[in-house]
Amino acid sequence: MPRPRVFVTRHIFPEALDAIRKKAQVDLWEDELPPSRATLLEKIKGVDGVLCLLTEVVDAEFMDAAGPQLKVISQIAVGHNNIDVAEATRRGIPVGYTPDVLTQTTADFTFALLMASARRVVEGHEFVRTGKWRTWHPLHFLGQDIYGATLGIVGMGRIGFEVARRATGFGMKVLYYDSIRKRELEVQVPMSPVDMDTLLHESDFITLHTALTKETHHLMSDAQFAKMKKTAILINAARGPVVDPKALYRALKEGKIGGAALDVTEPEPIPVDDPLLKLDNCLIVPHIASASVATRREMSRLAAQNLINGLEKRPLEKCVNPEVYEKT
Ligand code: DGY
């Protein structure tokens, strides 16, 4: 029997690629940058499986271009807003993703962003690097205390919860907003469910951990920034478009809020001439919250295994749409 054909849209850890190569004929996109849409649609023609990234739009056009033999879509990320999951489900195609394995690493990084912006770590480094450090000064680089501050978490999912757990270790008071109250988590970590307005008014730090959906698109915009404390810092390690970037710029520039630390932006990558990059109170890094060696290795393994399971018609280890198995 001919081996199944798969398209892998970027390099992943070599052992994960080797595992796929044992089971399938692999066409690997070697470039650092994603293939153009036209190239992508050409490359996936007739494949049995695709291992993709959040940079690829996987919609009906994509699935049509691949053809009816497409058995599995495996995404190497927990977020999957780039994939039309409803369409994949309609066609009976399981969609794999990589939850859990990145939860702790992403929660750690959220704290790295929080602390770096509160205590002006990057500004301080730049000051030293550019030869401006001439003396110790009582009024230099005054930041904000983390100990005793109030942290507002938007989205009490896996990552939000791990951020809450870390926050209690820092002596923070934790508030959270979620469409569903998480009583089972409240007994594990002291935190209070509040409405969004209360969270905006009372938090010294607000961190976003919600999926990007129609409802959460530009969830943080002018009206929300106007309700925040003037000293508050916004952290986004979820998806860029959860924040309206123009409104964020206005809020930072006009001093409506104290600062922002962003792992994700709209668009991605953020253009180098974007006004947000001109602000001292806005820290931006290139979508690296899950980027530890161990976590990216595990994400690679899981994405590869999901792909292989899909090719072999076995349930995926982590499947976004397990309802596809009810249909067959
Ligand atoms: C995800 O998994 O959704 C992240 O954004 C990348 O780790």
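Computed over heavy atoms, backbone and side chain alike; hydrogens, waters and symmetry mates excluded. Whatever order the structure lists ligands and atoms in, that order sets their numbers, starting from 1.
Not a single donor-acceptor pair under 3.5 Å links the side chain of T216 to the backbone N or O of L219. Between the side chain of R10 and the main chain of E32, a donor-acceptor pair closer than 3.5 Å is present. Side-chain atoms of H209 never come within 3.5 Å of backbone atoms of A238 as a donor-acceptor pair (strictly under, hydrogens ignored). Within the 3.5 Å criterion, the main-chain N or O of L142 finds a donor-acceptor partner in the side chain of R120.
In terms of heavy-atom proximity, A16 sits nearest to R301 at CB-N, 4.0 Å.
Side-chain N/O atoms of S221 and D244 include a donor and acceptor closer than 3.5 Å.
Ligand 1 has an N or O atom lying under 3.5 Å from an N or O atom of G79, backbone or side chain. For ligand 1, one of its N or O atoms has an N or O atom of R239 under 3.5 Å away.
Distances below 4.0 Å separate heavy atoms of L102 from the following atoms of ligand 1: 2 (O), 7 (O). Close approach of ligand 1 to A77 is summarised as follows: ligand atoms under 4.0 Å from at least one heavy atom of the residue are 1 (C), 2 (O), 3 (O).
Going from atom CZ of F161 over to atom CE of M191 covers 5.5 Å, rounded to the nearest 0.5 Å.
Proximity of V264 to ligand 1, defined as any heavy-atom pair under 4.0 Å, is not found for any part of the residue.
In terms of protein heavy-atom proximity, atom 2 (O) of ligand 1 is nearest to V78 N, 2.7 Å. Looking only at heavy atoms of the protein, atom 4 (C) of ligand 1 is closest to H287 NE2, 3.7 Å. Ranking protein heavy atoms by distance to atom 7 (O) of ligand 1, first place goes to S290 OG, 2.6 Å.
In this structure, M299 counts as a contact residue of ligand 1, since one of its heavy atoms falls inside 4.0 Å of the ligand.
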